[in-house]
Amino acid sequence: MRLGSASPGGAPVLGNVMMIGVVLAAAYILSQGLTRVSFTYTMGGLAAITLFGLVFLRNDFGIYVVTFSMLLSPEFAAGGGGVAEGRSIIVRSEDFILIVIGLAWMAKTAVNKELGLVAKTPLNRPILFYIVANAVATVLGALWGNVAGWSGFFYVLKYVEYFVIYYMVVNNVQDRAHARRLVIAAFLTAAIVSLVGVAQIPSGERVSAPFEGEVGEPNTFGGYLLLMMALAGGIALETYRFRMRVVCLGLVGLMAVPFAFTLSRASYVGVPPALLVLAWFTRQRKFMAGFVLFLVVCSPILVVTLPTSVTKRVLYTFEPEKGQATVRIGRVGLDPSTSARLISFRSAIDGFLSRPVFGYGVTGFGFMDAQYARVLVETGVVGFATFAWLVWTVLRSSASAFRTLREPEDRGVALGFLAGTIGLLAHAIGSNTFVIVRIMEPFWFFAGIVLMLPLLEGVELAPPPSVPVVTPPRLHPAQGLPVRLGR
């Protein structure tokens with residue numbers, strides 16, 4: 001694996017020619033756009049050309065752009081009506097940003113042969129097999145008539161987009177200081193969207209991330225905040241610096257407010273397992289064990305102190321509605337939303353038994369808001385096995401990074417990512433967590449950082465190469481013969 005990125009000095013002529021081409025393309029777009037195309041499209045084309053040139057000159061610029069655009073980019077529907085699962089294709093600005101950055105990176109690797117297109121990491125094989133399994137299942141689903149049009153292939157392309165972010169990080173992060181700046185940028189983004197979420201609370205509506213169109217996605221926002229709170233909590237537990245601990249705890253407190261008002265029960269389910277992972281692995285185990293015990297003992301009091309909307313949302317789980325499908329556990333009936341998820345599990349099992357190998361293809365079985373059921377019925381046992389392999393490799397690699405790292409803050413990032421991953425696995429019981437763009441983009445962003453930190457730390461802490469000391473010969477005082485010291 002190569003650290004950092006070399007400049008395109010190995011091929012200066014080709015690099016200069018390419019930059020001249022970029023400038024000429026920008027001039028052409030400006031001249032043609034101002035006369036034939038709308039001002040908006042012209043500015044968009046110029047922005048794409050400018051971003052291409054900046055990323056070509058400096059790779060990490062593109063990573064920072066993607067970091068801030070993950071939760072702060074607007075979205076718009078493409079294609080008019082629903083094209084898959086009764087939904088429209090949703091396109092965000094970071095989709096175009098990632099395309100431009102990917103093209104710039106491929107151009108730079110073409111100019112400088114020393115740069116690798118894909119770095120070697122423990123996740124390479126699981127990622128490859130996971131993508132192939134989804135692609136094969138979708139092709140077969142299209143041949144069988146289950147996948148409508150290009151919808152399934154569009155979703156598979158979105159899966160690939162997540163991994164582009166991962167490889168952007170592992171290919172371009174240069175040192176630990178660079179990795180920490182990226183982490184700070186991600187937390188700054190989380191703080192901004194949390195403040196936007198807090199501002200939504202007085203409206204009485206469920207809190208969601210900004211720029212999500214007319215209908216927000218509180219469940220998505222809850223999953224994102226769950227991951228970011230776990231990361232900030234991990235750093236707070238592991239760091240020795242008081243100021244850093246206060247800042248991270250302040251971030252956790254800030255994010256917890258909009259998190260509660262998302263009213264996302266799937267996100268609430270992810271909190272206990274994330275807390276248990278933090279308590280089990282941290283060096284502050286005694287403190288965390290006491291804190292968890294305190295929460296358990298005081299839970300009746302804490303329930304009373306929670307906002308009324310949060311309490312009602314949790315209790316609504318056990319309130320069936322007349323005329324709606326209801327699943328009962330013993331004598332307890334469940335609300336329509338929870339019942340629908342359980343019913344989807346049943347239908348997914350029936351569909352899986354009909355096509356157990358590759359399933360019905362991505363989007364080929366209809367919409368269901370449950371990750372595991374969706375993977376099983378859409379990609380069969382092959383896709384589910386590759387998904388489990390990928391998740392297991394992420395958990396194993398992040399746990400290994402936590403045990404290997406020496407710097408407290410780096411250990412905190414690895415611990416928080418491990419806890420956040422476990423929390424998201426619980427979140428996925430009632431949500432398509434590992435399909436949602438605004439959860440998976442930051443997830444794979446931090447996966448790249450966590451897997452790179454041990455290598456970066458090992459390089460910086462490695463002692464300089466030792467120079468062998470040659471002892472000069474000493475003459476024997478009596479015979480004048482050279483006698484070497486030692487044997």
Side-chain angles (χ1 to χ4, degrees), residues 1-7 55 58-68 70 101 105 114-116 118-124 165-191 227-228 230-249 251 278 281-284 394-421 441-465:
M1 188 185 299
R2 294 180 176 86
L3 297 180
S5 57
S7 65
V55 174
R58 185 172 178 178
N59 298 330
D60 61 341
F61 180 83
I63 303 179
Y64 285 112
V65 172
V66 171
T67 302
F68 285 105
M70 288 177 186
I101 291 174
W105 176 247
E114 294 182 358
L115 294 175
V118 176
K120 290 184 179 180
T121 72
L123 298 180
N124 283 21
I165 294 176
Y166 169 74
Y167 284 112
M168 280 177 56
V169 174
V170 299
N171 273 302
N172 295 296
V173 66
Q174 300 168 358
D175 48 39
R176 289 174 55 245
H178 187 199
R180 290 185 179 185
R181 289 194 299 270
L182 293 175
V183 171
I184 291 172
F187 279 129
L188 180 59
T189 304
L227 173 64
M228 298 305 295
L231 285 160
I235 298 174
L237 287 171
E238 291 301 305
T239 185
Y240 290 103
R241 294 190 288 176
F242 177 76
R243 184 177 179 181
M244 177 71 71
R245 182 170 296 165
V246 171
V247 170
C248 290
L249 290 177
L251 278 172
L278 290 173
F281 286 95
T282 181
R283 62 182 180 83
Q284 304 281 359
V394 169
L395 292 173
R396 185 185 62 188
S397 300
S398 55
S400 175
F402 173 72
R403 291 191 296 266
T404 303
L405 291 168
R406 302 180 185 179
E407 290 294 319
E409 289 78 15
D410 296 349
R411 286 169 54 86
V413 173
L415 172 61
F417 180 73
L418 178 62
T421 303
E441 286 181 343
F443 176 84
W444 288 109
F445 170 85
F446 277 101
I449 290 179
V450 170
L451 266 69
M452 283 297 295
L453 279 175
L455 182 61
L456 298 172
E457 189 177 85
V459 170
E460 295 186 9
L461 296 179

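Position 1 is the first residue of the sequence; numbering continues from there.
- Taking every heavy atom of both residues into account, G448 and V169 meet most closely at C-CG1, 3.7 Å.
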Please report the C-alpha distance between Y167 and L123 in whole Å, then the side-chain angles of each, then the deciding distance to 0.1 Å, and finally whether the side-chain contact (heavy atoms from CB on, under 4.5 Å) criterion is met.
CA-CA 10 Å; Y167 284 112; L123 298 180; 5.5 Å; no

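- The two atoms that bring L251 and A191 nearest to each other are CD2-CB, 4.0 Å, heavy atoms only.
- Of all the heavy atoms in A236 and L249, the pair that sits closest is CB-CD2, 3.8 Å.
- A search for side chain to side chain donor-acceptor pair (under 3.5 Å) contacts involving T282 returns E238, not counting sequence neighbours.
- V450 places none of its side-chain heavy atoms less than 4.5 Å from the side chain of S397.
- Taking CZ of R411 as the start and CZ of F281 as the end, the distance is 11.0 Å to the nearest 0.5 Å.
- Here the CG-CD distance, from L237 to Q284, works out to 6.5 Å after rounding to the nearest 0.5 Å.
- In plain terms, the two heavy atoms of I449 and A179 that are nearest each other are CD1-O, 4.2 Å.
- With contacts defined as side-chain heavy-atom distances shorter than 4.5 Å, the pair F443/I165 does not qualify.
- L227 approaches P442 most closely through the heavy-atom pair CD2-C, 4.2 Å.
- Remark: D175 CG to L453 CG distance equals 11.0 Å, nearest 0.5 Å.
- Rounded to the nearest 0.5 Å, atoms CZ (F417) and CZ (F402) are 14.5 Å apart.
- In this structure R396 satisfies the side chain to side chain donor-acceptor pair (under 3.5 Å) test with no other residue, sequence neighbours excluded.
- To the nearest 0.5 Å, atoms CG (L456) and CZ (R180) are separated by 11.0 Å.
- Taking each heavy atom of A401 and P454 in turn, the nearest pair found is CB-CG, 3.6 Å.
- The shortest distance between side-chain heavy atoms of F446 and L231 falls below 4.5 Å.
- Judged purely by atom type and a 3.5 angstrom limit, S398 uses its side chain to pair as donor or acceptor with the backbone of L395.
- Between the T404 side chain and the S400 main chain, a donor and an acceptor come within less than 3.5 Å of each other.
- You'll find the side chain of Y166 reaches within 4.5 Å of the side chain of T121, heavy atoms only.
- One distance of note links CE of M452 with CZ of R176; it measures 12.5 Å at 0.5 Å rounding.
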